[in-house]
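Worksheet: one structure, shown below.
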Amino acid sequence: MLQRISHFFASAVCIVCIISFLGSGYVCRYLGIFSENKTLRFIIFFIGVLFTNLLVEYLWSLYATKKINKLRPLLFRNGGNPHLYIKEINQLIKDTTNTYIHTLCYVNLAAAYNLLGDYRAAKEHLYKVNTKLLKEPVLTNYWIAYIGHHFESGEYDFAIQCMDEHAAQLHRYRTHPELGGYIVTLELFRKLALNQTEGLMQELEAARRNWPGEAFVDDFDLLAKRIMEKA
């Protein structure tokens, strides 16, 4: 499906380029300006091609973003299928050269591999991300995934360091309807890493009640397991 759409967009660009070239002379004549001026015709043609490429790039990015959002339920526990998710996202990467879409895909692939417990693959994809391309709240979402991965893989010192560096950023989104639950999870991981385990299980149960979404279940279960191991 994605390949057919990619080919359609490529064909559309070629067709519009040809139309721009043939129509440039007509536009010049219609406007009555330099109808025989080849330089002006080339400028009009170039502007048409540039505009078309920008439009196609925007439409493709819009489609790819919607595709990523549509695939998101595959990462949930009930009815989830991270293997299929990884396959679909990798296909999306192959079908576009858009670096921003690639960046979004790497973030989401890291989440999928993390769900499978493959922390090495998750780390590899997180390290591919160009954070300069990300805007809020996606940038904060990336740092949540980045820090969370290091907590889950047992790299506590590094995770705490990263969390301290981005403390203000994380605090800003603590009450966010989606990101807030993940930030609370990071705070619980931080306390566990610092051996602040007194009353931590009660805080975890409160977090479960406050953030009942299935997206947080696996992280809460992992926290409960590690808290009991330290008890």
Side-chain angles (χ1 to χ4, degrees), residues 1-3 5-10 12-13 47 49-75 82 84-116 118-153 155 158-183 185-186 215 219:
M1 177 65 177
L2 286 172
Q3 288 178 332
I5 292 174
S6 297
H7 295 158
F8 170 77
F9 280 144
V13 171
I47 292 174
V49 172
L50 179 62
F51 174 78
T52 301
N53 278 308
L54 291 174
L55 179 60
V56 169
E57 190 75 6
Y58 170 76
L59 291 175
W60 174 253
S61 298
L62 189 64
Y63 169 80
T65 302
K66 288 185 177 180
K67 179 71 174 179
I68 292 172
N69 291 333
K70 186 177 180 180
L71 292 171
R72 189 179 178 188
L74 293 176
L75 292 178
L84 177 59
Y85 184 87
I86 291 169
K87 179 182 177 181
E88 293 286 341
I89 294 295
N90 278 324
Q91 186 62 53
L92 189 59
I93 291 174
K94 292 178 182 178
D95 287 330
T96 181
T97 58
N98 186 297
T99 53
Y100 177 70
I101 295 301
H102 282 186
T103 294
L104 291 181
C105 287
Y106 293 145
V107 173
N108 286 279
L109 281 174
Y113 281 112
N114 199 64
L115 190 63
L116 292 172
D118 190 343
Y119 300 124
R120 181 189 59 80
K123 180 186 290 186
E124 288 176 358
H125 285 89
L126 285 173
Y127 286 174
K128 292 178 183 178
V129 172
N130 183 355
T131 55
K132 294 179 180 179
L133 297 177
L134 300 179
K135 298 179 180 179
E136 295 295 357
V138 178
L139 180 59
T140 296
N141 189 32
Y142 167 77
W143 286 117
I144 288 171
Y146 186 88
I147 296 168
H149 160 72
H150 286 90
F151 270 131
E152 291 170 354
S153 59
E155 300 172 77
F158 186 74
I160 291 173
Q161 178 185 340
C162 290
M163 196 170 176
D164 289 343
E165 291 174 359
H166 300 279
Q169 190 175 357
L170 295 173
H171 180 73
R172 193 183 316 143
Y173 286 91
R174 197 180 187 282
T175 58
H176 189 276
E178 293 184 13
L179 300 183
Y182 294 112
I183 295 172
T185 301
L186 295 184
D219 286 338

Worksheet, complete the sentence: On a heavy-atom basis, the closest approach of Ala145 and Leu126 is O-CD1, 3.9 Å
Worksheet item: Heavy-atom count around Lys94 NZ within 6.0 Å, excluding the residue itself: above 12?
Response: no
Worksheet entry | Distance in Å, Leu179 CG paired with Arg172 CZ, rounded so as to fall on 0.5 Å steps | 11.5 Å
Worksheet, complete the sentence: Heavy atoms of Ala112 and Pro82 approach each other most closely as O-CB, 4.2 Å
Worksheet, complete the sentence: Here the gap from Lys67 atom NZ to Leu104 atom CG, rounded to the nearest 0.5 Å, amounts to 15.0 Å
Worksheet item: Does the side chain to side chain contact (heavy atoms under 4.5 Å, CB included) test come out yes or no for Tyr106 and Asn130, once each step is laid out?
Response: CA-CA 10 Å; Tyr106 293 145; Asn130 183 355; over 6 Å; no
Discussion item. For Thr140 and His166: C-alpha separation, side-chain torsions, deciding distance, then whether side chain to side chain contact (heavy atoms under 4.5 Å, CB included) applies.
Written reply: CA-CA 9 Å; Thr140 296; His166 300 279; over 6 Å; no
Fill in: Minimum side-chain heavy-atom gap Lys128-His102 below 4.5 Å
no
Worksheet item: Heavy-atom distance under 4.5 Å between the side chains of Leu92 and Leu71, does that happen here?
Response: no
Item to complete: Measure up the His125 and Tyr113 rings against each other and bin them: parallel (under 30°), tilted (30 to 60°), perpendicular (over 60°).
Response: parallel
Discussion item. Looking at every non-hydrogen atom in both residues, tell me the closest pair between Asn90 and Leu109 and how far apart they are.
Written reply: OD1-CD1, 3.5 Å
Worksheet item: What are the two closest non-hydrogen atoms of Ile89 and Cys105, and how far apart are they?
Response: CG2-CB, 3.6 Å
Fill in: Ile68 and Tyr85, any side-chain heavy atoms less than 4.5 Å apart
yes
Discussion item. Does the plane of the ring in His176 sit parallel, tilted or perpendicular to the ring in Tyr173? Use 30° and 60° as the thresholds.
Written reply: tilted
Practice prompt. For residues Glu155 and Lys123, determine if any side-chain heavy atom of one lies less than 4.5 Å from a side-chain heavy atom of the other.
Written response: yes
Fill in: Separation of Met163 CE from Ile144 CD1 (nearest 0.5 Å)
9.5 Å
Response to the item:
Given the options Asn98, Asn108, Leu134, Thr103 meets side chain to side chain contact (heavy atoms under 4.5 Å, CB included) only with Leu134
Worksheet item: Between CG of Leu186 and CZ of Arg174, what distance do you get to the nearest 0.5 Å?
Response: 10.5 Å
